[in-house]
Undergrad: 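Handing you this structure, nothing more for now.
Each ligand, and each atom within it, is numbered from 1 in the order the structure gives. Since the model is a prediction, treat every value here as computed from it, not as a measurement.
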Amino acid sequence: MSDLRTVGQAVLEELARHLDDSTEGKTTAVGYGTIGEVSARLNLDRWLSGQAMSVPDLLDFVRDYCDLSASYWHPGYMAHQIAAPELPGVAADMVLAMTNNISLTYELAPAGTAIDRAVCGWLTSKAGWSDTGTATLTHGGSLGNLIVMVAARSRAQPGSWRSGVTGRPVIMAPQTSHYSIRKAAAVMGIGQDCVVGLETDSLGRIDVAKLPAAIKAARDRGGQPFALVANGCATATGLYDRIGEIGELCAAQGIWMHVDGAHGSAALLSPRLRSRLDGLHLASSLTWDAHKMLRISGLCTGVMLRHAADLDTLFRQDASYLFQDDAVDVDMGQRTFETSKPPLGLKLLLTLAITGEGGLRRYIETRFDMAQALWRMIGERDDFSVPYQPESNVLCFRYLPAGDRQLEIAERLRQDGRFYLSSVKVDGAVHLRVSLMSPNTTEETLASLLDTIAELAGRLDEGR
Ligand SMILES: *Cc1c(COP(=O)(O)O)cnc(C)c1O
C-alpha cells in the first residue's frame, strides 16, 4: 500500500472506468438499497475492525463506493445542484491532497495564497466590483451566507463583534431563501425568528410592491432590518428575484442587499444569460458556489463584497503569533471563519486555465437551454403540467395522472436507476424537480424521462 504511484494509478483507473460507464449510462444514476445493505456491501464492519486492506481490496472498495453513490456524469442524474467535476478540478484536488497546504497565512502557503488572491480578484471582477470590492473563498454557500450575514450585522452594528448585538436585528428574506440563512441567524445568536418572511408571488419570488410596507412594519415592531436576501436563483425553482428593483429599495432604505447566487451566479459567465442578475451593482454581497455550475468538486464558494472594508476588518482577531499587521492584505486567514483551510482557489484556477471561461460558458448555456427544451416538451404533452418557464437549469413539473403521488414517482425512478430527480413543493403542491447538471443529459434523455415517468406511474400500484 505504500507505493503512491502504482496504487494511485490503479485507483485512478477504477475512477476513470466509473466515469466512462456512468457517462454512457451503464451504471445507475444513484446507488440504491437500505443503509444496512449498503454497509454490508462495503464491508464496513470488517474495515473498521482493523483488517488489513490489500490493493485489490481497495480497488473493489472503490468500485463498490462508486456504484453505491450518485453519479453526476450519468445522463439521468438530475437531482441536486452538484457539479460533475472535470479533469482540471480533479487534478487540482490531487495536488491539494498531496501538498495539504493551508492558506491561513502567506508563509504557510505562498503558492496557494497567491492563487487564492488571484482567483478572488477574478470573482470580484465577475461580480462587477473590481473598483471597490473584495472576495474570499470558503467551504460552501451555507458558510458563505453566514459570513455575509455577519458582515452585514457588523456594518449595522460595528460594536457587535466584541459585545454582541443590541436591539432587535432583522433579516428580511422570502420563505424560498436557502435555509442556511435561517441557520446563520440562529448561529449568530439573533435567532431564526429574526428572519422575517417576505411576501412572494405564487412561485416564491419576492413581491416587490409589498416590500416597502414589510420594511416599515418590521421597524414599527421595533426591529432593525439590516439585511435583505434575494434569490439569484432560488434553490427549489431556479427562479431569480428582481434584483434591480429590490436593490433600489434597499439602497433607499439603507439596507444591505445580499444576492444568494450560490447556484445562479453562473449566469454571469454568459452574455446571453447575465441579465438575470441585472441590478447586481446595487447589492452589497454575492455568494457563488463553484462546486455547482463551475465543474469542480466541493467545496469552493466565492463570497464577494462590494465594499472591501466590510470584509477587511471583519475577522481580524488578535492572533499575533500568526498574523503580522502589515500582512493583513495578503493573508487569507483574516478573511474567513475557517483556519486550516486549503487554497480552494487552485481548483477554479486550473478550471479557468484549462476549460476556460468559454468552456464553462458553453456548459452553463447548454444546461440552461436543456431546461427550456424540457419545458417545451412538457408543454406539448397533456399528461404533464409545468408552472413556469425556467430561468436556469432547474425546473419543476407534475405528472398529472399521478395526482398527489408525485413522491412515489421520484422513488420509483430512483429504484429503477435510469433517472434520479428530486421533488419540492411549489405553490403548496409537491412537484417533481430536475436540476440539469450532468453534461451528458441530452434532449433524448429528457424525452425518455417523460416516457419513463408515464410508464412507471402506470405501475405504481404493482407490488404494493
Ligand atoms: C446550494 C445553495 C446554498 C448552500 O450552498 P452549500 O454549498 O451547499 O452550502 C445556498 N443558497 C443557495 C441558493 C443554494 O442553491
Undergrad: Indicate yes or no: does Lys341 engage Glu338 in a salt bridge with an N to O separation below 4.0 Å.
TA: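 Not counted as a salt bridge, because no side-chain N and carboxylate O are separated by less than 4.0 Å.
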Undergrad: Are any of the N/O atoms on Thr235, whether in the backbone or the side chain, positioned under 3.5 angstrom from an N/O atom of ligand 1?
TA: yes
Undergrad: How close does the nearest protein non-hydrogen atom get to atom 11 (N) of ligand 1, and which residue and atom is it?
TA: Asp260 OD2, 2.7 Å
Undergrad: Does the side chain of His258 come within less than 4.5 Å of Trp256's, by heavy atoms?
TA: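 Yes - at least one pair of side-chain heavy atoms lies under 4.5 Å apart.
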Undergrad: With heavy-atom distances below 4.0 Å as the criterion, list the atoms of ligand 1 near Gly140.
TA: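 Answer for ligand 1: 7 (O), 9 (O).
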Undergrad: For the residue pair Arg153 and Phe226, would you count it as a cation-pi contact if the rule is NZ or CZ under 6.0 angstrom from the ring centre and within 45 degrees of the ring axis?
TA: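 Here Arg153 fails the 6.0 Å and 45° test against Phe226.
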Undergrad: Considering heavy atoms of the protein only, find what lies nearest to atom 4 (C) of ligand 1 and give residue, atom and distance to 0.1 Å.
TA: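 The answer is His178 CE1, 3.3 Å.
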Undergrad: Out of curiosity, is His139 lining ligand 1, as in a heavy atom under 4.0 Å away?
TA: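 Under 4.0 Å: no for His139.
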Undergrad: Starting from atom 6 (P) of ligand 1, which protein heavy atom do you reach first, and at what distance in Å?
TA: Gly141 N, 3.3 Å
Undergrad: Please state whether Cys233 comes within less than 4.0 angstrom of ligand 1, counting heavy atoms only.
TA: yes
Undergrad: Would you say the side chains of His178 and Asn231 form a donor-acceptor pair under 3.5 Å?
TA: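 Asn231 and His178 do not have a side-chain donor-acceptor pair below 3.5 Å.
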Undergrad: Starting at CG of Leu344, measure out to CG of Leu299 and round the result to the nearest 0.5 Å.
TA: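 The distance works out to 8.0 Å.
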Undergrad: What about Tyr388 and Trp375, are their ring centers closer than 6.0 Å?
TA: no
Undergrad: Minimum heavy-atom separation for Met377 and Glu443, please, with both atom names.
TA: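 Reported closest heavy-atom pair: CE-O, 3.4 Å.
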Undergrad: Measure from atom 14 (C) of ligand 1 to every heavy atom in His263, His291, Lys292 and give the option owning the shortest one.
TA: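 It is Lys292 that holds the nearest heavy atom.
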Undergrad: So which heavy atom in the protein is nearest atom 9 (O) of ligand 1, and how far is it from that ligand atom?
TA: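 The protein heavy atom lying closest is Ser142 OG, 2.7 Å.
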Undergrad: Can you pull out the closest protein heavy atom to atom 5 (O) of ligand 1? Residue, atom name and distance to 0.1 Å, please.
TA: Asp289 OD2, 3.0 Å
